[in-house]
Chemist: 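Quick one: structure below, then a few questions.
Below, chains carry the letters A, B, ... as their sequence lines are ordered, and counting in each starts from 1.
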Protein chains: 2
Amino acid sequence: MRPGPRRSISQADIVDAAFEILEHKGMAAVSVRGVAAALGLTPTAMYTYFPSKNALLRAMVEQLLSTIDLAAASDPGVAWRDRVHAFAAMLLERLAEHAGALVLVTSGPLDGPHALGLNESLIAGFLGEGMPHADAARAALAVRAYVLGAAAIDAAERAGDAEVGAGAPSQALWTDATAFPLTAATADVASDDDGFAWGLDRLLDGLVRRAA
Amino acid sequence: MRPGPRRSISQADIVDAAFEILEHKGMAAVSVRGVAAALGLTPTAMYTYFPSKNALLRAMVEQLLSTIDLAAASDPGVAWRDRVHAFAAMLLERLAEHAGALVLVTSGPLDGPHALGLNESLIAGFLGEGMPHADAARAALAVRAYVLGAAAIDAAERAGDAEVGAGAPSQALWTDATAFPLTAATADVASDDDGFAWGLDRLLDGLVRRAA
DNA sequence: ACCTGAACACCGTTCAAGT
DNA sequence: ACCTGAACACCGTTCAAGT
């Protein structure tokens with residue numbers, strides 16, 4: 001789809017093309033062959049830029065985190081807790097957007113420059129709250145875990161649209177209020193959208209309480 | 001590999017075979033064709049038992065949660081917080097065991113009987129701490145998110161064993177302490193194994209504080 | 001250095017046909 | 001109802017060869 005008589009292509013171009021496919025056709029369509037075709041390349045030419053499909057996925061993670069990094073983490077005009085919320089909400093939105101996009105985050109350690117930059121911001125924030133150094137690092141890990149897990153749950157719920165349960169023989173009665181009364185009584189609350197922000201606030205409460 | 005002149009096969013047999021493949025050859029080897037071959041079946045015969053590969057994955061999730069459900073959630077002899085820790089540790093261990101096993105949890109909503117049973121136990125625990133009904137449901141969601149996210153991070157770190165980073169052009173200097181001093185100074189702490197339990201305790205602190 | 005064409009060893013899924 | 005065999009439309013990756 002690129003205009004003109006393109007001569008050469010960058011890694012960033014490939015990552016962009018991959019995201020465009022992800023957005024329009026889902027994660028299952030993000031294949032080496034598919035991305036190559038979108039760029040007018042042969043599948044084998046892709047291996048000039050990335051040694052494997054997994055390397056492409058990891059580059060996608062970095063690009064994703066870079067957009068979040070710039071927008072949310074570095075604005076000193078707002079309070080620290082609000083910046084954490086902004087970062088978390090953006091990451092959740094981008095990851096849960098398409099079910100299956102979570103394989104990006106399991107494609108390898110989050111050790112790219114933008115991933116580390118975000119972690120750095122998180123740790124700095126906790127240090128600013130008066131936390132000891134070791135606790136701040138673990139607190140940053142906890143926040144990352146919560147956000148990623150929330151994205152996983154969100155994506156999973158989105159994935160079960162037109163799926164008929166075929167797991168166990170007799171489980172069609174799962175909506176039965178007598179079997180799981182507490183879950184049934186709070187089904188509307190659990191699907192509440194700002195339950196995510198509420199839980200994040202509780203986690204931050206528990207983390208910074210140690211400092212006070 | 002099943003002995004004797006097997007005549008018929010159950011859904012549970014298929015799920016068991018799938019887990020055996022997962023344990024020995026990883027998630028990538030869990031294919032419709034591979035599971036069928038392990039059972040001496042033709043790939044097409046699998047569609048007699050499950051309408052799709054995704055349905056098989058969802059059945060695997062239920063089987064996985066059932067083992068955890070029985071062992072951790074229902075023992076009233078130990079304190080509630082300890083039971084949450086036991087449940088969380090078991091789920092983390094099983095999910096992070098093999099990188100890529102997290103696609104199980106994104107294969108669809110966690111609406112099977114054992115998934116709902118675990119959620120029921122969590123909500124009941126929070127109610128026992130004096131939480132309002134709506135908050136207890138959201139608290140259970142937060143705990144699930146934290147555990148799942150920790151599993152994702154764990155699996156991702158395990159996945160990057162013999163991977164050489166090919167994401168961005170110039171990122172080989174990521175260990176440079178000057179670029180990310182806080183992350184570098186706490187690298188040993190972040191990979192600490194009981195950072196998971198610590199973070200879970202902080203989350204529970206923040207959640208139950210509302211009740212007190 | 002960058003790219004092509006052919007090939008290898010796989011996928012999930014469908015369909016007609018057998019018993 | 002359960003299973004087979006053949007087929008369709010795909011995968012990731014490697015290798016020899018071109019420029």
Chemist: Measure from the side-chain heavy atoms of B:Lys53 and tell me the nearest of D:dG12, C:dG12, D:dT4.
Modeler: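 My answer, after comparing the listed nucleotides, is C:dG12.
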
Chemist: Return the orientation label for the A:Tyr146 and A:Phe196 ring planes: parallel under 30°, perpendicular over 60°, tilted otherwise.
Modeler: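 Answer is parallel, since the angle falls under 30°.
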
Chemist: Hey, does the side chain of B:Thr44 come within less than 4.0 Å of D:dT4's phosphate (OP1/OP2), counting only N and O?
Modeler: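 It does not, given that no N or O in the side chain of B:Thr44 lies less than 4.0 Å from OP1 or OP2 of D:dT4.
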
Chemist: Starting from the C-alpha separation in whole Å, work towards a yes-or-no answer on side-chain contact (heavy atoms from CB on, under 4.5 Å) for B:Phe19 and B:Val35.
Modeler: CA-CA 9 Å; B:Phe19 268 110; B:Val35 175; over 6 Å; no

Chemist: Nearest-Å distance, OH (A:Tyr47) to P (C:dA6)?
Modeler: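 One finds 19 Å between P of C:dA6 and OH of A:Tyr47, rounded.
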
Chemist: Pairing of DNA chain C as dot-bracket, 5' to 3': ( ) intra-strand, [ ] crossing, | other strand, . unpaired, with Watson-Crick or G-U pairs under 3.5 Å?
Modeler: ||.|||||...|||||.||

Chemist: Show, in sequence, the C-alpha distance, side-chain angles and deciding distance for B:Leu148 and B:Leu91, and conclude whether the side-chain contact (heavy atoms from CB on, under 4.5 Å) test is met.
Modeler: CA-CA 8 Å; B:Leu148 259 40; B:Leu91 190 53; 4.0 Å; yes

Chemist: Can you tell me how far P of D:dC3 sits from CG of B:Leu41, to the nearest Å?
Modeler: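 Answer to the nearest Å: 6 Å.
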
Chemist: Could you check whether A:Asp135 pairs with B:Arg202 (Lys NZ or Arg NE/NH1/NH2 to Asp/Glu carboxylate O, under 4.0 Å)?
Modeler: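 Here A:Asp135 does not pair with B:Arg202 in a salt bridge, since their nearest N and O are not under 4.0 Å apart.
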
Chemist: By nearest nucleotide on DNA chain C, pick out whichever of A:Arg33 and A:Ala45 is the more 5' one.
Modeler: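 Going by which nucleotide is closer to the 5' end, it is A:Ala45.
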
Chemist: For the pair made of CG in B:Leu39 and P in D:dC3, what is the distance, rounded to whole Å?
Modeler: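 That distance rounds to 10 Å.
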
Chemist: Could you tell me whether the phosphate oxygens of C:dC3, OP1 or OP2, come under 4.0 Å of any side-chain nitrogen or oxygen in A:Tyr49?
Modeler: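 For C:dC3, OP1 or OP2 has a side-chain N or O of A:Tyr49 closer than 4.0 Å.
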
Chemist: Using whole Å, report how far NZ of B:Lys25 lies from C1' of C:dC10.
Modeler: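 Atom-to-atom, B:Lys25 to C:dC10, this comes out as 13 Å.
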
Chemist: Would you say B:Thr48 places a side-chain N or O within less than 4.0 Å of OP1 or OP2 belonging to D:dC2?
Modeler: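 Checking D:dC2 against B:Thr48, no side-chain N or O comes under 4.0 Å of OP1 or OP2.
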
Chemist: A:Met27 vs A:His98, test: side-chain contact (heavy atoms from CB on, under 4.5 Å). Steps then yes/no.
Modeler: CA-CA 7 Å; A:Met27 197 63 198; A:His98 295 95; 5.7 Å; no

Chemist: With sequence neighbours left out, what residues match B:Glu97 under side chain to side chain contact (heavy atoms under 4.5 Å, CB included)?
Modeler: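 Testing B:Glu97 for side chain to side chain contact (heavy atoms under 4.5 Å, CB included), a comparison that skips the adjacent residues, returns B:Glu23, B:Arg94.
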
Chemist: Can you tell me how far apart CD (A:Gln11) and CD (A:Gln63) are? Round to the nearest 0.5 Å.
Modeler: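 Answer for the CD-CD pair, A:Gln11 versus A:Gln63, is 12.5 Å.
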
Chemist: Without decimals, in angstroms, what is the distance between A:Met46 CE and D:dC11 C1'?
Modeler: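 Rounded to whole Å, this separation is 13 Å.
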
Chemist: B:Ile14 has an atom CD1; how far is it from atom C1' of D:dC2, in whole Å?
Modeler: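 Those two atoms, CD1 and C1', are 12 Å apart.
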
Chemist: Can you check the A:Asn54 CG to D:dG12 P distance for me, whole Å?
Modeler: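 Answer to the nearest Å: 12 Å.
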
Chemist: Provide the distance between the two P atoms, one in D:dA9 and one in C:dA9, to the nearest whole Å.
Modeler: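 It works out to 23 Å between them.
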
Chemist: Within this structure, what is the CZ-to-C1' distance between A:Phe50 and D:dT13, rounded to whole angstrom?
Modeler: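 Result: 16 Å.
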
